[in-house]
Protein chains: 2
Amino acid sequence: MAADQALRLDNQICFAVYSTAHAFNRVYKPLLDRLGLTYPQYLVMLALWERDDVPVKDLGERLFLDSGTLTPLLKRLEAADLIKRTRSTADERQVLIALTAQGHALRDKAKSVPQSILAASDCSVRELMAMKNEIVALRDRLNAVLGE
Amino acid sequence: MAADQALRLDNQICFAVYSTAHAFNRVYKPLLDRLGLTYPQYLVMLALWERDDVPVKDLGERLFLDSGTLTPLLKRLEAADLIKRTRSTADERQVLIALTAQGHALRDKAKSVPQSILAASDCSVRELMAMKNEIVALRDRLNAVLGE
DNA sequence: TCACATTTAATTGTTCGCAATTGAATCCCG
DNA sequence: CGGGATTCAATTGCGAACAATTAAATGTGA
C-alpha cells in the first residue's frame with residue numbers, strides 16, 4: 001500500500017479499534033450507571049466474580065493494567081463497599097482483593113448487562129464471538145512483540 | 001448463552017476491543033515518541049493531513065471526540081508549533097485548525113509508522129482490512145443505537 | 001426587529017492509563 | 001548467614017476522555 005493510503009485514517013485498524021472501544025464505553029455508560037460502576041470498574045468486577053482473593057498483580061495480568069491504574073480504582077471500589085483490600089500475611093508485599101457481600105450481590109444486578117450490549121451491537125452471538133477471537137489473536141500478537 | 005457464561009471476561013467482545021486498543025497504544029508509543037506525539041495527537045494529525053483549516057467540531061466528528069477532549073489536546077499541538085488555532089471571521093463561534101509548515105513536514109517522518117505497525121501485528125494487509133471493516137461496522141451499529 | 005433557541009468552544013471536575021520512582025518485603029547466591 | 005537483586009504496591013505527574021456547565025455568536029420565528 002502506498003504511504004499516502006497507509007496514513008489515511010479510514011485505513012487504520014488501530015483507529016477502528018480505538019473508536020469502537022469508545023463507542024462500547026458510551027453504550028455501557030447508562031447500563032453501568034445503574035450499578036454505580038464505571039466501565040473499567042465493571043471489568044475489575046467481572047474479573048473478581050470469576051476469581052477473587054487475589055493480589056493486585058494477578059488482577060493486573062488478567063486485565064492488562066498496572067498498579068498505577070488499579071490502586072486508585074480499587075480504593076474507589078473499597079470506598080463503595082464492593083471489595084476489601086487486605087495485606088497478605090504470607091507475603092506482606094501483596095495486597096489481596098476480596099469481594100464483600102455487596103460485591104458478590106452486585107453480580108445479580110449485572111446479569112442483564114451482556115444481553116443489552118448484545119442487542120445494541122445488533123449482531124449474532126456467533127458473529128460476535130468470531131470477531132472477538134480474531135481481535136484477541138491480534139492483541140496477543142501485539143503483546144508478544146512488546147514482550148520481546 | 002447462560003448468564004454465567006455471558007459475564008465471563010474472556011467472552012466479552014468489549015474487553016477484547018478495550019485490551020486491543022491498549023495493546024496498540026503500547027506498540028505505537030515508542031514510534032510516536034520519536035515524532036513527539038501521543039497516540040490521540042497522532043490521530044488528530046492524521047485527520048489534519050487529510051483535510052485541515054477545519055473547525056474543531058469537524059475534527060470531533062471525524063474522530064468521535066468532543067471539545068472537552070480536543071481543546072486541551074489542540075492547545076498542546078499549538079504549543080508544539082504543529083498547528084495554528086484561529087477564530088473564524090465568517091463565524092466567530094468557530095475556531096479553525098490549520099497545520100503549520102512543521103505540521104505538514106511531520107507527515108514525512110510519520111510515513112514509516114504504518115509499516116512498523118503492520119509488522120508488529122504479524123498479519124497480512126488483506127486480513128487486517130477485513131477485520132477493520134468488521135470492527136467499523138460494529139462501531140457504526142453501536143453509535144447508531146446511541147443516536148436514537 | 002427582538003426575544004428565544006441553537007450552535008460552538010472553552011472550562012471544570014472526575015476517572016482512567018501509564019511512565020517513572022519509591023519503599024518495603026522477599027528472594028537468591030556466595 | 002548476609003547483602004545485593006528482585007518483586008510488589010503505592011505514589012507522582014501528565015495526558016486523555018467525558019459529563020455538565022458557561023459564554024459568546026448565530027439562527028429563527030412571531
Side-chain angles (χ1 to χ4, degrees), chain A residues 14-15 18-30 32-33 35-45 54-61 63-80 83 85-97 143 146, chain B residues 14-15 18-30 32-33 35-45 54-61 63-80 83 85-97 143 146:
Chain A
C14 63
F15 177 62
Y18 168 91
S19 53
T20 304
H22 291 315
F24 265 121
N25 196 33
R26 287 188 277 259
V27 170
Y28 269 100
K29 179 99 182 30
L32 297 182
D33 277 349
L35 306 183
L37 296 174
T38 64
Y39 180 65
Q41 288 169 7
Y42 173 68
L43 292 180
V44 168
M45 294 302 290
V54 292
V56 173
K57 176 137 216 306
D58 176 279
L59 220 40
E61 282 167 2
L63 297 168
F64 303 97
L65 296 172
D66 67 3
S67 71
T69 301
L70 287 174
T71 297
L73 188 156
L74 292 170
K75 284 184 177 176
R76 284 188 276 273
L77 289 180
E78 188 176 40
I83 66 164
R85 297 159 65 245
T86 319
R87 197 156 287 271
S88 164
T89 49
D91 181 344
E92 296 200 355
R93 290 172 302 185
Q94 298 182 339
V95 168
L96 299 177
I97 309 298
N143 280 334
L146 289 169
Chain B
C14 63
F15 176 61
Y18 167 91
S19 53
T20 305
H22 292 318
F24 265 121
N25 195 37
R26 288 189 278 260
V27 171
Y28 269 100
K29 180 102 182 26
L32 297 182
D33 277 350
L35 305 183
L37 295 174
T38 64
Y39 179 66
Q41 288 169 8
Y42 172 69
L43 292 180
V44 168
M45 294 302 289
V54 292
V56 174
K57 176 136 217 306
D58 175 280
L59 220 41
E61 281 168 2
L63 297 168
F64 303 97
L65 296 173
D66 67 4
S67 71
T69 301
L70 286 174
T71 296
L73 188 157
L74 292 170
K75 285 184 179 177
R76 283 180 208 108
L77 290 180
E78 188 175 41
I83 65 163
R85 297 159 65 245
T86 319
R87 197 155 285 274
S88 163
T89 49
D91 183 344
E92 296 200 356
R93 289 170 303 184
Q94 297 183 339
V95 168
L96 299 177
I97 308 300
N143 280 334
L146 288 168

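Below, chains carry the letters A, B, ... as their sequence lines are ordered, and counting in each starts from 1.
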Interatomic distance, B:H22 NE2 vs D:dA16 P [rounded to whole Å]
15 Å
Which pair of non-hydrogen atoms, one from B:L70 and one from B:V56, has the smallest distance, and what is that distance?
CD1-O, 3.9 Å
Figure out the CG/P separation between B:N25 and D:dG15, and round it to whole Å.
14 Å
Between the opening five pairs and the closing five pairs of the helix from C:dT1-D:dA30 to C:dG30-D:dC1, how far apart are the helix axes, to 10°?
20°
Please determine if a side-chain N or O atom of B:Y18 lies less than 4.0 Å away from the OP1 or OP2 oxygen of C:dC16.
no
Calculate the interatomic distance between B:L73 atom CG and D:dA16 atom P; express it in whole Å.
4 Å
As an exercise, state the distance from OH of B:Y18 to CG of A:N25, rounded to the nearest 0.5 Å.
9.0 Å
Would you mind reading off the distance between B:F24 atom CZ and D:dA16 atom C1', rounded to a whole angstrom?
19 Å
Distance, nearest 0.5 Å, that separates CG of B:L59 from CG of B:L74
6.0 Å
First locate atom CD of A:E61, then atom NZ of A:K57, and finally report the distance between them rounded to the nearest 0.5 Å.
4.0 Å
With nearest nucleotide decided by heavy atoms, which residue, B:E92 or B:T38, maps closer to the 5′ end of DNA chain D?
B:T38
Rounded interatomic separation in angstrom, taking OH from A:Y28 and C1' from D:dC18
18 Å
Phosphate OP1/OP2 of C:dC16 contacted by A:R76 side-chain N/O (<4.0 Å):
yes
May I ask you to decide if A:T69's main-chain N or O and A:D66's side chain share a donor-acceptor pair within less than 3.5 Å?
yes
I want to confirm an ordering. Mapping B:Q41 and A:K29 to their closest nucleotides on DNA chain D, which one lands closer to the 5' end?
B:Q41
Walk along nucleotides 1-12 of chain D from 5' to 3' and tag each nucleotide B, S or - by protein heavy-atom contact under 4.0 Å, base first, then sugar-phosphate.
------BSBBB-
Check A:Y42 against A:L37 and note the closest heavy-atom contact, atom names and distance.
CA-CD1, 4.0 Å
Could you give the CG-to-P distance, from B:L65 to C:dA9, as a whole number of Å?
14 Å
Decide side chain to side chain contact (heavy atoms under 4.5 Å, CB included) for A:T38 and A:L32; before the verdict, give the C-alpha distance in whole Å, the side-chain angles of both, and the deciding distance to 0.1 Å.
CA-CA 6 Å; A:T38 64; A:L32 297 182; over 6 Å; no
Under 4.0 Å between any heavy atoms, over every strand shown, what does B:A21 touch: base, sugar-phosphate, or nothing? Just pick one.
nothing
B:D66 atom CG is separated from D:dA19 atom P, nearest whole Å, by 7 Å
B:D33 CG - C:dC18 C1' separation (whole Å)
12 Å
Minimum heavy-atom separation for B:M45 to B:I83, with atom names?
SD-CG2, 4.3 Å
In short, B:N143 meets A:A23 closest at the heavy-atom pair OD1-CB, 3.6 Å
